[in-house]
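What follows is a short report on a single structure.
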Number of protein chains: 2
Amino acid sequence: MLNESVKAVPRECGDCPIRHRAVCARCEADELEHLDKIKYYRSFEAGQTVIWAGDKMEFVGSVVSGIATLTQAMEDGRTQMVGLLLPSDFVGRPGRETAAYDVVATTDMVMCCFRRKPFEEMMVVTPHIAQRLLEMTLDELDAAREWMLVLGRKTAREKIASLLSIIARRDASLTFGKTTGPMVFDLPLTREAMADYLGLTLETVSRQISALRKDGVIVLEGKRHVTVPDFNRLMEEAGDDSDGGLLA
Amino acid sequence: MLNESVKAVPRECGDCPIRHRAVCARCEADELEHLDKIKYYRSFEAGQTVIWAGDKMEFVGSVVSGIATLTQAMEDGRTQMVGLLLPSDFVGRPGRETAAYDVVATTDMVMCCFRRKPFEEMMVVTPHIAQRLLEMTLDELDAAREWMLVLGRKTAREKIASLLSIIARRDASLTFGKTTGPMVFDLPLTREAMADYLGLTLETVSRQISALRKDGVIVLEGKRHVTVPDFNRLMEEAGDDSDGGLLA
DNA sequence: GACGATCTTTGACGCAGATCAACCTTTGCC
DNA sequence: GGCAAAGGTTGATCTGCGTCAAAGATCGTC
């Protein structure tokens, strides 16, 4: 079962699950055809490192399925996750030679890759790609700034609640519609990875999850399967106002 | 002296101090001429709020001189600075109706503003602007991620050292050349604003600055004027490797 | 079915940084 | 010159989270 995920790779952009959300979202048929010529798929197993910080970037690309993390490290070993890459998210920076962060697949993952040079050349003559990439980058910047508030000012309990609400919300946007009733999802991260995301230790993560469970904010089956009976309650615990979000 | 800064507003793009680093950096003469028609200058006094989060964004623009901050707030009053805007930095997000963050001038400041709609229209037909904005946004994203490491994993002392090294480095890039000898600059932020940037309290900021002074890492004249006798030492205190930086 | 590896939980303890409080310095205003 | 406001420093105390440690749960392998 090692290569379970490797077999089910899409071949046609038409079938692609991220066709309308990835960097290619705005492309016309002819542009897509051009992209199709320089693209190739790569599969990664859970735990596998996609790119090491400082390595030469031979390609950029989109996450098609699965989840990856962007992590920054200090020399003494402390690490901070700085991005969580979900299906349709873009990996790599056009114009940059070397990777700035470690990219690690936390689940089995499939990427749609483009060799960097041809992609950069295509970007110059294809405004639809550059426009979409700008839009995605601005969204990522907003997410990063939201996360700075979490890291800088929230308590451990609020941090956990914030992460859960983000995962829940995103999961809901994939399993789309269905805003009613309890939300149910699986945590795609280990306690350690959550700690890494939140600037905490894994022990604190574990304790706070236990506390939220004890207080009925979440229901756990096993260690990863989460049910949120009342999403507004979770939002309150996260320190976010339950009425309207920050962004449109 | 209230309006000291208001008088010295540039009028011509040719004289503009940020001409080659702002969002207009790549524009040709004719594009610049077009931009010139929709631009206007605004001055702000130190302490003045430029935009409130949630307000309608009538304009976008570039910081010409002075410094502004981007701040995010929770309902209970906790705040986190999420951006420090220096000359040439861009304010606002094309395509977004309302401001996501508070923007406050921390020094007297001049902005080169464009009404949002005409600017957005111009962006569509002027790849040079969109390209430059993408580049700038990617840089900001990198800076935000760097800051996530600071917020999530560094100690109070390391946080202060990190902020000082960032300010010192930036100041050096303006007072350009001159990599030798001690670095000298003025802190553009109050202790409170530094605390806000670093996810600390102002008391902790004050104590750590005192400690760095006592240990000879920095020399203070008054409360704002800083001399860094040995920049590598400061980098070590920041937890960054003194040899090469992370980014090219 | 015993064993090791990986992930997780829980407890005991200590410390970095928050909180609360007092006081100093500088600046502008009457 | 006196006074208030804003910014800054320093001390005493408290506490949330990190650190260290032990042990439980799950899973794959021999």
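Sequence lines set the chain letters: A, B, ... in the order given, protein chains first and strands last, and positions in each chain run from 1. Small disclaimer: the values here were computed from a predicted structure and weren't measured.
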* Compare side-chain N and O positions of B/Ser210 against OP1 and OP2 of D/dT10 and report whether any pair is under 4.0 Å apart. => yes
* Rounded to whole angstroms, how far apart are CZ on B/Arg191 and C1' on D/dT9? -> 9 Å
* **Any B/Thr155 side-chain nitrogen or oxygen under 4.0 Å from OP1 or OP2 of C/dA16** => no
* To do: Would you kindly give the CD-to-P distance between A/Gln208 and D/dC17, to the nearest whole Å?
  => 6 Å
* Interatomic distance, A/Glu221 CD vs D/dT26 P [rounded to whole Å] -> 13 Å
* Asked: Salt bridge between A/Arg233 and A/Asp215, side-chain N to carboxylate O under 4.0 Å?
  -> no
* With heavy atoms under 4.0 Å as the rule, sort A/Leu202 into base, sugar-phosphate or nothing. => base
* Just how far, in rounded Å, is C1' of D/dG18 from CZ of B/Arg153? -> 11 Å
* Asked: In whole angstroms, how far is the P atom of D/dT9 from the CD atom of B/Glu192?
  -> 13 Å
* Can you check the B/His225 NE2 to D/dG8 P distance for me, whole Å? -> 16 Å
* Asked: With a 4.0 Å cut-off on heavy atoms, is B/Gly199 in touch with a base, just the backbone sugar-phosphate, or nothing at all?
  -> sugar-phosphate
* Asked: Taking atom P of D/dC17 as reference, at what distance in whole Å does atom CG of A/Leu200 sit?
  -> 8 Å
* To do: Assign A/Thr190 to base, sugar-phosphate, or nothing according to its heavy-atom contacts below 4.0 angstrom with the strands shown.
  => sugar-phosphate
* To do: Spell out yes or no: do the side chain of A/Glu203 and the base of D/dC17 have one donor N/O and one acceptor N/O closer than 3.5 Å?
  => no
* Between B/Arg153 and A/Asp196, is there a side-chain N and carboxylate O pair less than 4.0 Å apart? -> yes
* To do: Would you check if the side chain of B/Ser206 reaches a backbone N or O of B/Leu202 as a donor-acceptor pair within less than 3.5 Å?
  => no
* Structure fact -> note: A/Lys154, atom NZ; D/dC17, atom C1'; distance rounded to Å ~ 18 Å
* Asked: Reckon B/Ser206 touches a base, only the sugar-phosphate, or nothing at all at heavy-atom distances under 4.0 Å?
  -> base
* Measure distances between side-chain N and O atoms of A/Arg224 and base N and O atoms of C/dT6, and say whether any donor-acceptor pair falls under 3.5 Å. => no
* Asked: Are more than 12 heavy atoms from other residues, nucleotides or ligands located less than 6.0 Å from atom CD of A/Glu203?
  -> yes
* Asked: Angle class for the A/Tyr197/A/Trp147 ring planes (parallel below 30°, perpendicular above 60°, tilted otherwise)?
  -> tilted
* Asked: Closer than 4.0 Å, any side-chain N/O of A/Arg207 to the OP1 or OP2 of C/dT10?
  -> no
